Amino acid sequence: MSVSAWIPDGLLPRWLLVVAAMASLNGATNFFNSRASAKVYSAAGGQITPLSARLFGVWNITSAIIRAYAAYNINDKVAYELCMWSFVIALVHFVSETFVYKTAKMGPGMISPLIVASSSFTAMYLQYGSYVNKPLSWS
Ligand SMILES: *[C@@H]1O[C@H](CO)[C@@H](O)[C@H](O)[C@H]1NC(C)=O
């Protein structure tokens, strides 16, 4: 079986697969080592614990699974919308940790998750009609 058989058609599903692969690697890293989450939550200090890192890893893996399902089921309304929600959750979380709870700063560790979540959500919102043949649930 060729590698291309594993790669879904279209730019958005491929992007979601890349994001899912990165998140599962990060998820595994976070699970075993709290230094990776200390980079994202660079102002959290003592709030970074082995438990918080494992929970972040669990979220990372959960979001990876949702995004991989969406990549391979890009025309499925439920998979597509759940994936959009996963980006909304990530955005609300990262923005509130930065500006409300102040556990993170606008540094390199925070900018990339913010860019990934906001650009992916925007792309999925704009392209909804070309992948899903039904109206968006909350429009
Ligand atoms: C997964 O963890 C990494 C840090 O190890 C972080 O940069 C990335 O944004 C996380 N992914 C999600 C979806 O939260």
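Whatever order the structure lists them in is the order used to number ligands and atoms, beginning at 1. Side-chain atoms are counted along with the backbone in the values below, which use heavy atoms only and exclude waters and symmetry mates. Worth saying up front: this structure is predicted, and the values here are computed from it rather than measured.
Ranking the protein heavy atoms by distance from atom 2 (O) of ligand 1 puts Asn60 ND2, 2.2 Å first. Considering only non-hydrogen protein atoms, atom 9 (O) of ligand 1 sits nearest to Pro113 CB, 3.3 Å.
In summary, the atoms of ligand 1 found under 4.0 Å from a heavy atom of Asn26, numbered by their order in the structure, are 1 (C), 2 (O), 3 (C), 5 (O). Numbered from 1 in the order shown, with element, the atoms of ligand 1 that lie under 4.0 Å from a heavy atom of Asn30 read 2 (O), 4 (C), 5 (O). Residue contact check: Trp59 has heavy atoms under 4.0 Å from atoms 12 (C), 13 (C), 14 (O) of ligand 1. With ligand atoms numbered from 1 in the order given, ligand 1 contributes 5 (O) to contacts under 4.0 Å with heavy atoms of Ala36.
The side-chain heavy atoms of Arg54 and Val58, taken from C-beta on, include no pair separated by under 4.5 Å. Contact annotation: the side chain of Ile74 never approaches that of Pro8 to less than 4.5 Å [non-hydrogen atoms, C-beta and beyond]. Using a 4.5 Å heavy-atom threshold, the side chains of Met106 and Thr98 count as touching. At a threshold of 4.5 Å between non-hydrogen side-chain atoms, the residues Asn60 and Ser24 do not count as touching.
Using a 4.0 angstrom heavy-atom cutoff, Thr29 does not count as in contact with ligand 1. Contact analysis puts Ser63 in contact with ligand 1, with a non-hydrogen atom separation below 4.0 angstrom.
Linking ILVMFWY side-chain heavy atoms closer than 4.5 Å, directly or via other members, places Leu114 and Trp59 in a single hydrophobic cluster.
With a 4.0 Å heavy-atom cut-off, ligand 1 is reached by the side chain of Phe94 but not by its N, CA, C or O.
Taking distance alone, with nitrogen or oxygen atoms compared against 3.5 Å, Ser37 stays at or beyond that limit from ligand 1. Residue Arg67 has no nitrogen or oxygen atom sitting less than 3.5 Å from a nitrogen or oxygen atom of ligand 1, judged on distance alone.
Around atom OH of Tyr69, no more than 12 heavy atoms belonging to other residues, nucleotides or ligands sit under 6.0 Å away.
Remark: Arg67 is positioned above the aromatic ring of Phe87, its terminal NZ or CZ atom under 6.0 angstrom from the ring centre and at most 45 degrees off the axis.
Residues Tyr101 and Gln47 have side chains that never bring a donor and an acceptor to within less than 3.5 angstrom of each other.
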